[in-house]
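Within every chain, numbering begins at 1; the chains are lettered A, B, ... in the order of the sequence lines, protein sequences first and strands thereafter. Source: prediction; values computed, not measured. Atom set for the values below is all heavy atoms of this structure, side chains included, hydrogens, waters and symmetry mates excluded.
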2 protein chains.
Amino acid sequence: MKALTDPAPGDTDGGATIYQVAERADVSIATVSRVLRGTAPVAAATRARVEAAMAALRFTPSRLGVSLAERHHAANGIVFPDLSGPYFAEVVLGYEEVAAEVGRSVLILSTHGRQAAREMVLDLAARVDGMVVLARTVDDEVIAEVLGKNIPVVVVARDRVRGADSVNAENEHSAEALGAHLAAHGHRSFAFMGDPEISADAYHRWTGLTRALRAHGVNVPQRPVACPFDEDGGREAAAVLLGTDPPDALVCANDEIALGAITAAEQMGIRIPDDLAVTGWDDVMAARHSRPGLTTVRQPMRQLGAWAARRLHERLGGDTSAPRHEVLPTQLVVRASCGHHNKEDR
Amino acid sequence: MKALTDPAPGDTDGGATIYQVAERADVSIATVSRVLRGTAPVAAATRARVEAAMAALRFTPSRLGVSLAERHHAANGIVFPDLSGPYFAEVVLGYEEVAAEVGRSVLILSTHGRQAAREMVLDLAARVDGMVVLARTVDDEVIAEVLGKNIPVVVVARDRVRGADSVNAENEHSAEALGAHLAAHGHRSFAFMGDPEISADAYHRWTGLTRALRAHGVNVPQRPVACPFDEDGGREAAAVLLGTDPPDALVCANDEIALGAITAAEQMGIRIPDDLAVTGWDDVMAARHSRPGLTTVRQPMRQLGAWAARRLHERLGGDTSAPRHEVLPTQLVVRASCGHHNKEDR
DNA sequence: TTGTAGGCGTTATCAC
DNA sequence: GTGATAACGCCTACAA
């Protein structure tokens, strides 16, 4: 009796097929498909037989078969440069969360700045119905190629690309506010760390900062100090910068650079914020816990991912309206690293 | 002329098929497939025609078709509870990196402690050739189910599961070393924060700690203080604990809990490490930058993911040997939060 | 060297 | 209600 209800010992492989279920229930595969999808009425008795057969065989429909027939993957992709910093991890998390909610699997792809990025993205494009592209992982042409295959893409933390939706956190005004705050502290000589050539975010932050400085009659630095967006990048670039002509204030494109810079400064005996003000961007966990607390700009990382996922879902639902370009608000978080404040100095 | 080499305007959809290429090149689909895969010799002239046709049509073979025919996905999955902390993000990153290297796409699934975890994992199982499961995201039965479908799984940061490979960072000895260090500082009353019921890592750390305390003749706390593995969890639990009977030393299951506990302590006017020693686990970025620096245990998060990816790849390559159980070494990182040191107090 | 035809596992359209 | 059967897009013996 037992042997009858258990899966055949021989079928060691990827599971039973709809044919085996049909045979066991003594119906056609069409009927099995019907009870599976509830797409048409099936007699109660028949349904029961089919369900019993499915259970006995531990039948799970092949995603490949289903997708091929339905002509879509029920999966989306997301490509980012790296997951090492807290920033991208948060965006991806926000993305995954709503993608899962609306029933789509998510494929990730980290380009790591590899040369093969284009091929990797194109390969990804063959596995998904839509995808989101973070920052400058690939050129606009690659995105155009993907769009050309009729798979929608939404870009995040990146300038607009023809034909794609986009979400960004507000940058210029936030940078202006930050610059104004620093100027009000009396800082007169500035430096900006981060690479505007590589990051649209950094570019706009640099732009906003310079505008603020100009408005406040403060000298604008010649150019940004380009450096990788991590602690080491910040530390090394700061070591050089502070060794030659140290500014009063160091505005960094993200918290990691800032934290790295602070490390370098402390090693050189430079006190923060007395000798040097330092600010970051993102408000990661370490920014809260460092001493002095890091003045920074908080941006809604989770929401960036969530918005992208929702928009993609709309597109895949048939929305063919003009691309939308969302800008999410940020928040200046003033702590101690930007200089002494009058009241509660914390 | 142009119209001839461009893709037909009508074929707006998911791209050309092998049939269209074949027709255009005036060969059979078999030949197209051969030039695609290099699986058999093709006359130079023929190959040229086919390649021209592919280029003109911007042909990309359908992953679905390929996978269905080849009977595998060329993709792996990874399931984790959440990506919010630095820990899982690092593991996933390490995983993705080597998975990509060996040419497999990666699908991620965050269970968020959702009830539907089982269904989600089973759904994932239908889309991949193998998968890694982090921590206690799902019950052993679910893993058994997946294994039953003949898809290999390797578990990470989790106790062994019959039939699956596993990688873990060393826990007990590290915890013993940490406990010994704290005892040497003279601390006599301990508390442990984290939930051993939920995390195998936490369980083994608790075990190691109690053993060390016993060995040093120090009172062993009745039980761990269960709390969520994030800052809020640490902060709230610590607020209660420190309000009633504060210990000398607080050993936390990860850095986030520790940092949260420190925040709570400071708000209560308790000084670290003078009044209370606090230690974490993981050595995340914030641990380095907090003041006092957080004493912690560094574990090779990236490598955990990388090992899992490599092992999975071996399995998928046909390795059917007995499950392997790897334990990666950790490193005690002593900073200031565990108490004053004689020499360089940093 | 190249073509024919069957198979991979579903869905969905027709008839009955 | 149910059952044939044609897609879906590709791979691969087997023939020629």
- Residues B/E70 and B/R37 bridged, charged N to O under 4.0 Å: yes
- When all nucleic acid strands are considered with a 4.0 Å heavy-atom cut-off, which category describes B/A43: base, sugar-phosphate, or nothing? sugar-phosphate
- Distance, rounded to the nearest Å, where B/L64 contributes CG and D/dA7 contributes C1': 14 Å
- Query: Any side-chain heavy atom of B/S166 sitting closer than 4.5 Å to one from B/V161?
  - Reply: no
- More than 12 heavy atoms of other groups within 6.0 Å of B/E97 CD: yes
- Message: When you measure from the side-chain N and O atoms of A/S28 to the phosphate of D/dG3, is any distance below 4.0 Å, counting only OP1 and OP2?
- Response: yes
- Atom CD1 of A/I29 to atom C1' of D/dA6: distance rounded to whole Å? 11 Å
- Could you check whether A/T46 gets within reach of a base, just the sugar-phosphate, or nothing at all, counting any heavy atom under 4.0 Å? sugar-phosphate
- Rounded distance (Å) that lies between atom P of D/dC8 and atom NE2 of A/H73: 15 Å
- 5'-most contact on DNA chain C (nearest-nucleotide basis), B/A45 vs B/A69, goes to B/A45
- Residues A/D140 and A/R158 bridged, charged N to O under 4.0 Å: yes
- In whole angstroms, the gap separating C1' of D/dA4 from OH of A/Y19 amounts to 10 Å
- Query: What are the 5'-most and 3'-most nucleotides of DNA chain C lying under 4.0 Å from any heavy atom of chain B?
  - Reply: C/dT1 to C/dG9
- Message: Looking at D/dG9, I'd like to know if its phosphate oxygens (OP1 or OP2) sit under 4.0 Å from a side-chain N or O belonging to A/R71.
- Response: yes
- Query: Just checking A/L68: base, sugar-phosphate only, or nothing, at a heavy-atom cut-off of under 4.0 Å?
  - Reply: base
- Message: Tell me whether B/D165 contacts the main-chain N or O of B/V154 through its side chain, where contact means a donor paired with an acceptor under 3.5 Å.
- Response: no
- Ignoring hydrogens and angles, tell me if any N or O in the side chain of B/N168 forms a donor-acceptor pair with the backbone of B/A157 under 3.5 Å. yes
- Message: Just to be sure I understand the rule, does B/S33 reach a base, reach only the sugar-phosphate, or reach nothing, if contact means heavy atoms closer than 4.0 Å?
- Response: base
- Message: Quick check on DNA chain C: between B/G65 and B/V27, whose nearest nucleotide comes earlier from the 5' end?
- Response: B/V27
- Here the distance between atom P of D/dC8 and atom CG of A/D129, to the nearest Å, is 18 Å
- Nucleotide D/dG1, atom C1' - distance to CZ of A/R37 in whole Å: 19 Å
- Give A/R34 one of three labels, base, sugar-phosphate or nothing, depending on what nucleic acid heavy atoms sit under 4.0 Å from its own. base
- Under-4.0 Å salt bridge between B/D319 and B/R311: yes
